[in-house]
Visitor: 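One structure follows; several queries about it will come next.
Counting from 1, the numbers follow the sequence of the chain as shown. Just so you know, ligand 1 is whichever comes first in the structure, and atom 1 is the first atom listed for that ligand. As the structure is a computational prediction, the values presented were derived from the model and not from experiment.
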Amino acid sequence: MQAGPMAGLVAGSGGGAVVMVRVIMLSPPGAGKGTHSRWLTLQTGAAHISSGDLLREEVARGSDLGRQVASYTDRGDLVPDELIFRILAPAVVTAARNTGGYVLDGFPRTMPQALRAAQFGADLALTSNAVIYLTAPEDELVSRLLDRAQRDGRADDTLGVIRHRLAVFARETAPLIDYYRGRGILLELSTNRAEADVQADLLNQLQARGLMSPRATELGPDHSGQAETTLRNS
Ligand code: ADP
């Protein structure tokens, strides 16, 4: 879809218009924000912008910036806001231009980031229309991340660093839950159940808010007809 006056609107099955999803995925490590973000972008054609993926790409590039980033991510500390904005802003601008929609996976994570993101969204006429808060019990989060460590070998998926990331979430990111609840855009979902149940619940909640065409719901996960747009910070 080209950006323009209609950017941000997609046709619904009844001939009506459905607002393109512009959502923030907010969840502690291990609650499934990567999985459900990828799935939602396949459903909607919105751009998937994962702060963690963009940071890991920068680290893999071996740039000076990447070395600075790794000194935080390896310990499970948050990367300073200035570096985050430098890395993320180009991806968000590209999303605005190309799709009019986005799934922000892992950003914002602090109140200063949330306030700056709101300003940035307002400037681009692309304010978020929902925040999806995924939850699961803490022992389940830890066991999922330890399983992932065996599969993917991520440097920060060791027990000590996982516990630190959960503490950082509780301290820095949890205040955003009440902030977005107060703005009336928070959707809360437990991921402590089958993935298909989470997806059905998510679709229902987005549809109830006019953010998802009923047709996409009927067709199910493999028939959206939309290609995923994953943005790279190039
Ligand atoms: P998880 O949610 O499992 O911690 P992510 O891939 O989202 O995984 O993030 C990995 C790491 O990248 C975080 O521990 C943090 O160091 C860094 N990071 C990601 N997003 C942000 C952000 N918005 N602000 C600061 N640091 C971030």
Side-chain angles (χ1 to χ4, degrees), residues 23-41 47-61 63 65-92 95 102-121 128 131-177 179-180 189 191 230-233:
V23 304
I24 292 168
M25 282 282 181
L26 182 66
S27 88
K33 67 180 156 25
T35 304
H36 294 294
S37 294
R38 278 188 292 278
W39 178 80
L40 191 55
T41 55
H48 178 204
I49 304 170
S50 159
S51 54
D53 285 352
L54 290 170
L55 293 171
R56 282 183 286 278
E57 281 171 24
E58 196 63 51
V59 172
R61 225 172 266 144
S63 62
L65 183 57
R67 274 189 287 279
Q68 282 184 65
V69 165
S71 71
Y72 297 97
T73 54
D74 284 355
R75 293 198 309 259
D77 285 327
L78 294 182
V79 174
D81 292 351
E82 283 317 308
L83 297 187
I84 288 291
F85 275 92
R86 204 184 320 159
I87 291 171
L88 246 68
V92 178
Y102 54 75
V103 178
L104 274 180
D105 166 359
F107 173 88
R109 283 194 202 220
T110 62
M111 273 311 289
Q113 286 184 12
L115 297 175
R116 201 156 150 194
Q119 185 58 53
F120 196 63
S128 307
V131 175
I132 299 165
Y133 171 41
L134 303 177
T135 65
E138 184 156 328
D139 55 351
E140 174 66 20
L141 299 175
V142 173
S143 97
R144 286 183 194 169
L145 291 168
L146 289 175
D147 283 352
R148 185 175 74 186
Q150 308 238 309
R151 269 197 329 270
D152 303 348
R154 241 175 72 170
D156 56 350
D157 279 344
T158 57
L159 189 55
V161 178
I162 288 169
R163 294 226 178 270
H164 183 63
R165 280 154 60 211
L166 288 168
V168 169
F169 177 85
R171 192 178 63 231
E172 304 285 344
T173 312
L176 274 61
I177 299 163
Y179 168 67
Y180 289 121
L189 280 97
T191 62
T230 298
L231 290 174
R232 298 273 175 258
N233 183 28

Visitor: For T191, enumerate each residue passing the side chain to side chain donor-acceptor pair (under 3.5 Å) test, keeping only those at least two apart in sequence or located in another chain.
Guide: R144
Visitor: Heavy-atom count around F85 CZ within 6.0 Å, excluding the residue itself: above 12?
Guide: yes
Visitor: Once side chain to side chain donor-acceptor pair (under 3.5 Å) is applied, do any residues pair with R75, and if so which ones, sequence neighbours excluded?
Guide: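 Counting only residues at least two positions away or on another chain, R75 forms a side chain to side chain donor-acceptor pair (under 3.5 Å) with D77.
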Visitor: Name the residues in contact with ligand 1, where contact means a heavy atom under 4.0 Å away: which are they?
Guide: P29, K33, S51, G52, L55, R56, T73, D77, L78, V79, I84, G106, F107, R109, Q113, R148, R154, D156, R165
Visitor: Tell me, please, which residues at least two apart from D157 pass side chain to side chain donor-acceptor pair (under 3.5 Å).
Guide: R148, R165
Visitor: Can you tell me how far CG of L26 sits from CG of D105, rounded to the nearest 0.5 angstrom?
Guide: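 If we round to the nearest 0.5 Å, D105:CG and L26:CG are 11.0 Å apart.
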Visitor: Determine, step by step, whether M25 and L104 satisfy the side-chain contact (heavy atoms from CB on, under 4.5 Å) criterion, reporting the C-alpha distance in whole Å, the side-chain angles of both residues, the deciding distance to 0.1 Å, and the verdict.
Guide: CA-CA 6 Å; M25 282 282 181; L104 274 180; over 6 Å; no
